[in-house]
Amino acid sequence: MDMDKVYNSKEVEKKWNRYWVENKTFSAKIDKNKKPFTIVIPPANVTGSLHMGHALNVILQDIIIRLKKMQGYNTLWVPGIDHGGIATQNVVEKFLKKEGITRHDLGREKFLEKMWQWRNETGSAILDQLKMIGCGLDWCRVSFTMDESCSKSVKKAFIQLFEKGFIYKGKRLVNWCPRCLTALSDIEVEYENEKSNLWHIKYPLIDSGSYIIVATTRPETMLGDTAVAVNPDDKRYMHLVGKTLKLPLVNREIKIVSDYIVDKTFGTGVIKVTPAHDITDNEIAKRNNLEIIEIIGINGKMINVPAKYLELSVEEARKEVGKDLEEAGFLAKIEDYVHSVGKCYRCSTKVEYLMSEQWFLNVREMSKKAIDAANDAKTVFYPQSWKRPYILWLENLRDWCISRQIWWGHRIPIYYCVDDKDSRKNCKPIASFDKPKECQYCKGKNFMQDGDVLDTWFSSALWPIGVFGWGENENSQDLKYFYPTSVLVTGHEIIYLWVARMVQFGLEFMKNVPYKDIFIHGIVRDKYGKKMSKSLGNVVDPCDIIEKYGTDALRFALAQSAAPGRDMQVSEESFLVARNFANKIWNASRFILMNLENIDKVDEDIKPAELADEWIITEFESTIAKVKTVYDSYNIDVAAREIYDFFWTKYCDWYIEVSKIRIASSDINVKRQALTILVYVLKGTLQLLSPVMPFITSEIWQILNKDEKIIVESVFPKTKASQFLESLEKMKTVQDIIVKIRTLKNEMNISSAVQIGALFNILDELDENKEKTVKENERYIKQLAKIASIQFGKNIERPKNSILVVADGFEIFLHLKGLVDIEKEKSRLLKEIVIAEQEIERTVVKLNNENFVKKAPKVEIEKIQTRLNNANVKIEKINKSLKFLE
RNA sequence: GGGCAGUUAGCUCAGUUGGAAGAGCAUUUCCCUUACAAGGAAGAGGUCGCAGGUUCAAGUCCUGCACUGCCCACCA
């Protein structure tokens with residue numbers, strides 16, 4: 001078998017991607033004998049193409065799915081895409097704009113045709129990218145939030161909520177995007193700090209020469225003021241409550257009212273009340289029965305205002321009003337001021353509050369249940385620090401504005417009877433799957449469907465039940481078997497927008513949470529810690545990384561830094577490191593496979609023949625245990641690092657190196673025994689790593705096993721207690737000697753390849769076990785420290801032309817061919833003495849501390865005592881050597 | 001204003017129940033040794049954000065503060 005010297009990711013990835021899809025490796029069928037493990041993918045927006053955030057998100061899910069599959073679960077990972085409401089409509093509208101047409105030119109029907117056409121042409125690009133990453137999704141179950149099944153779920157949910165009285169229509173103050181021309185829910189508004197001004201405006205009192213000053217960031221809204229409010233406890237203004245003001249520029253007479261919401265300490269302690277365009281003001285208006293005058297229209301232009309301001313944009317009106325106030329002498333002063341401004345999360349246009357008739361969902365009861373679910377640990381956040389923000393948000397939730405004045409989306413399943421022309425019969429709107437046959441009030445036969453569509457998040461909230469066909473059959477087998485799902489993997493930016501709502505709907509419609517665990521991962525940032533964004537130009541395209549370093553490298557790099565809940569900084573370097581790791585695995589495997597060629601078969605049984613065998617088995621077992629634990633708690637980053645460390649620094653650096661002699665042995669039995677363990681640990685490591693790096697591990701696994709099962713269907717290594725715990729300590733002793741000799745050779749500029757003889761003087765305090773260990777394993781020392789011959793003895797004088805290494809229990813003299821550079825050796829030894837003296841100082845301080853000796857555990861004291869003794873012995877030996885040199 | 005994270009080597013980050021500060025990258029020296037130079041061996045580099053406290057012992061536990069980032073809020 002030929003393996004390239006460098007791992008070629010491209011061919012391997014192509015091969016396995018095709019294999020998994022063609023063989024339906026990840027397609028799941030109901031199997032009552034197996035426990036299900038289900039994940040429903042956060043559906044990517046149809047407009048989206050794969051970015052690093054997606055890559056991280058799906059890689060983590062894939063790792064979990066592959067792991068659980070190996071652990072024997074019947075795994076299902078459902079793929080899908082989201083129609084993406086406003087965002088998607090915006091994209092298509094932009095294309096139309098290039099052709100010089102608006103959606104209104106086309107009309108609803110034609111426009112929707114365009115939308116669907118667009119969706120069908122571009123909508124599955126992202127799914128292909130998921131395949132490229134190796135995602136073990138069940139490709140037979142691709143869902144779309146606007147397909148038949150999901151649409152039925154949406155209608156069903158709406159009707160149920162409507163009939164329960166949770167959904168109602170009303171004219172209320174809503175967030176309005178003047179560009180998208182639609183209402184938005186509270187969380188679809190993003191706040192940003194912006195430099196602005198605070199205008200102090202004089203409002204003159206009627207029948208008096210004096211005035212009252214209000215401070216505002218939005219002078220143009222004064223045109224819609226219907227009162228001025230002060231705090232009822234504010235001594236400065238108490239006496240003015242009830243008095244009348246003349247509103248400048250408009251000359252409307254407005255009252256001064258009092259309301260506890262007014263903060264005495266802010267600005268002048270007086271606020272102008274514009275009930276039609278501000279939440280606080282609206283509340284004040286309700287409490288004080290104030291008139292509501294709408295002055296901003298749906299396109300963000302002024303209405304119901306004096307002619308000179310009519311049809312001005314808000315910004316223009318602000319300028320004009322400011323200028324006019326100043327000219328008329330109503331402006332007291334303008335201060336610089338920073339405040340946060342709400343913007344549309346889809347187009348960043350400044351959002352206005354305005355009065356509008358919309359559909360709302362009363363969420364009080366549902367959010368209460370969602371809170372209980374978190375408190376009762378029916379859903380658990382990883383990391384749990386997100387539990388509190390989740391609960392707080394739900395506790396303070398206002399009714400959800402669910403209607404949108406766009407066309408792309410689920411049209412609200414409400415029908416109005418149009419036969420009751422003079423409204424005498426008082427026909428009420430009817431919620432229905434299809435157009436009703438007859439009006440239950442007037443027996444009319446003609447209906448008109450509500451023109452609005454639902455917030456895209458309404459259908460998203462139904463995703464975990466919609467994909468299993470809840471809308472068609474709420475008792476479907478799939479739903480029974482796969483719901484509730486096992487874990488939701490997502491970023492924290494949509495905890496409120498999506499996660500909390502899925503929990504609410506899951507509890508409402510299924511009487512059960514949609515998932516047990518919620519795994520929140522961080523955001524991928526650039527190497528300076530900045531968020532990746534197109535405008536900053538710091539976006540790293542995962543496809544480029546795959547092209548350059550391979551998918552496994554991309555996966556490992558992201559997994560390795562994906563600590564739950566924490567943002568991560570990635571740079572080229574992280575992918576390079578991961579790529580190098582892949583190459584290391586490739587070459588270690590290549591080495592073993594090369595040597596396997598002359599062997600018919602490795603043994604069935606794992607029989608350790610020497611110390612290193614016991615040691616690597618023990619280290620491997622503890623790695624399995626640790627990796628399993630951290631995988632299960634979603635600490636995938638720790639698992640990745642743990643495997644990396646084990647494989648590279650233990651398996652490759654020590655075990656393969658130490659095994660080379662046996663591998664090269666002419667005795668076929670010796671060779672087979674060593675390779676048996678090498679293969680056993682290699683295979684196990686590949687399994688541990690397989691969820692993270694599925695391509696390279698699959699490829700090597702297949703070459704190793706020929707006709708056995710593919711690695712994703714193999715059984716994840718089980719944890720077991722080690723029988724060779726003492727091998728750890730023994731190996732440490734040998735390693736310590738090897739490293740010390742290597743260091744010395746390096747310091748003395750002796751090429752590491754030069755073989756030299758060594759004389760081990762066994763010191764009196766060395767215990768027998770240790771002596772035995774070193775003697776039994778002198779081969780390791782010879783081999784790895786490049787020592788030609790070792791002699792052991794006691795009370796040996798330092799030979800001429802040698803240099804000294806003091807290890808625990810040994811004085812090691814290395815024979816030099818030439819003369820020892822006495823000065824160099826001396827200064828080296830003196831340095832070592834200084835280090836040993838510092839050690840003595842540290843330990844003596846501790847041992848002289850009465851409280852330490854009295855209170856610290858025995859083991860600890862013994863440890864310190866040993867350190868002290870070792871340092872003393874070391875100094876003694878070095879001093880003797882120094883004398884000898886003279 | 002409230003809340004949540006974070007602060008450890010030049011950079012990115014680990015650090016278990018408190019018991020001699022760790023890795024990768026970068027850097028220095030040596031090595032193309034028949035798995036791997038995308039590699040190997042070794043070195044240098046740290047007042048663990050600051051100030052107190054608990055303890056025989058604190059990067060680790062407690063309190064306060066500073067800085068950074070994020071989330072929430074009725075910032076007129």
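These values consider heavy atoms only, across backbone and side chains, with no hydrogens, waters or symmetry-generated copies. None of these values were measured; they are calculated from a predicted model. Just so it is clear: chains get the letters A, B, ... in the order the sequence lines come, proteins before strands, and each one is counted from 1.
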* Residue whose closest nucleotide on RNA chain B lies nearer the 5' end, A:Thr843 versus A:Arg525 ->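 So the residue in question is A:Thr843.
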
Distance between the [atom1] atoms of [N] and [M], in whole angstroms?
| N | M | atom1 | result |
| --- | --- | --- | --- |
| B:rC72 | B:rU63 | C1' | 26 Å |
| B:rU54 | B:rC11 | C1' | 36 Å |
| B:rU60 | B:rG22 | C1' | 15 Å |
| B:rG19 | B:rU12 | P | 27 Å |
| B:rC4 | B:rC13 | P | 23 Å |
| B:rA44 | B:rG24 | P | 15 Å |
| B:rA23 | B:rA42 | P | 11 Å |
| B:rC67 | B:rU28 | P | 38 Å |

Out of curiosity, [X] [atom1] to [Y] [atom2], how far, rounded to the nearest 0.5 Å?
| X | Y | atom1 | atom2 | result |
| --- | --- | --- | --- | --- |
| A:Lys531 | A:Asp567 | NZ | CG | 8.0 Å |
| A:Lys650 | A:Thr685 | NZ | OG1 | 11.5 Å |
| A:Gln569 | A:Asp526 | CD | CG | 7.5 Å |
| A:Ile520 | A:Thr490 | CD1 | OG1 | 6.0 Å |
| A:Ile585 | A:Leu682 | CD1 | CG | 9.0 Å |

Check the distance between [N]'s [atom2] and [X]'s [atom1] and give it to me in whole angstrom.
| X | N | atom1 | atom2 | value |
| --- | --- | --- | --- | --- |
| A:Tyr345 | B:rC71 | OH | P | 16 Å |
| A:Glu190 | B:rC71 | CD | C1' | 12 Å |
| A:Ile391 | B:rC71 | CD1 | C1' | 15 Å |
| A:Leu173 | B:rC74 | CG | P | 12 Å |
| A:Gln560 | B:rA14 | CD | P | 10 Å |
| A:Glu642 | B:rU16 | CD | P | 13 Å |
| A:Tyr237 | B:rA76 | OH | C1' | 13 Å |
| A:Ile864 | B:rC56 | CD1 | P | 16 Å |

Under 4.0 Å, heavy atoms only, any strand: does [X] hit a base, just the sugar-phosphate, or nothing?
| X | value |
| --- | --- |
| A:Pro857 | base |
| A:Lys854 | nothing |
| A:Glu839 | base |
| A:Ile279 | nothing |

Run the salt-bridge test on [X] and [Y] with the 4.0 Å N-O cut-off and return the result as yes or no.
| X | Y | value |
| --- | --- | --- |
| A:Asp637 | A:Arg641 | yes |
| A:Lys831 | A:Glu747 | no |
| A:Lys548 | A:Glu572 | yes |
| A:Lys846 | A:Glu860 | no |
| A:Lys350 | A:Glu352 | no |

Watson-Crick/G-U partner (both atom distances under 3.5 Å) of [N]:
| N | answer |
| --- | --- |
| B:rC32 | none |
| B:rC61 | B:rG53 |
| B:rC70 | B:rG3 |
| B:rU47 | none |
| B:rU17 | none |
| B:rC25 | B:rG10 |

* To do: For B:rA76, take OP1 and OP2 only and decide whether either is under 4.0 Å from a side-chain N or O of A:His339.
  =>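 So the side chain of A:His339 is within the cut-off, an N or O lying under 4.0 Å from OP1 or OP2 of B:rA76.
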
For nucleotides 26-28 of chain B, which of its nitrogen or oxygen atoms have a protein nitrogen or oxygen under 3.5 Å away, and what is each distance?
none

* **Nucleotide-resolved protein contact map, nucleotides 34-49 of chain B, B/S/- at heavy-atom distance under 4.0 Å** => -BBSBSSBSS------

Using nucleotides 2-12 of chain B, report all nitrogen or oxygen pairs with the protein that are shorter than 3.5 Å.
| unit_1 | atom_1 | unit_2 | atom_2 | d |
| --- | --- | --- | --- | --- |
| B:rG3 | O3' | A:Arg388 | NH2 | 3.1 |

* Asked: Parallel under 30°, tilted from 30 to 60°, perpendicular over 60°: which one fits the rings of A:Trp386 and A:His492?
  ->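 Geometry flag for A:His492 against A:Trp386: parallel rings.
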
* To do: Report yes or no: is the cationic atom of A:Lys584 (NZ for Lys, CZ for Arg) under 6.0 Å from the centre of the six-membered ring of A:Tyr644, at an angle within 45° of the ring normal?
  =>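 Checked: cation-pi criterion not met.
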
* Tell me whether the guanidinium CZ or amine NZ of A:Lys387 lies under 6.0 angstrom from the six-membered ring centre of A:Phe381 and within 45° of its axis. =>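 No cation-pi geometry.
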
* Please check if the side chain of A:His277 supplies one atom and the backbone of A:Tyr353 the other of a donor-acceptor pair under 3.5 Å. =>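 Yes, because the side chain of A:His277 sits within donor-acceptor range (under 3.5 Å) of the backbone of A:Tyr353.
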
* Among B:rC74, B:rG19, B:rC25, which is the nearest nucleotide to the side chain of A:Val577? ->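 Nearest listed nucleotide: B:rC25.
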
* Asked: Side-chain donor or acceptor of A:Arg867 under 3.5 Å from a matching atom on the base of B:rA20?
  ->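 Indeed there is one.
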
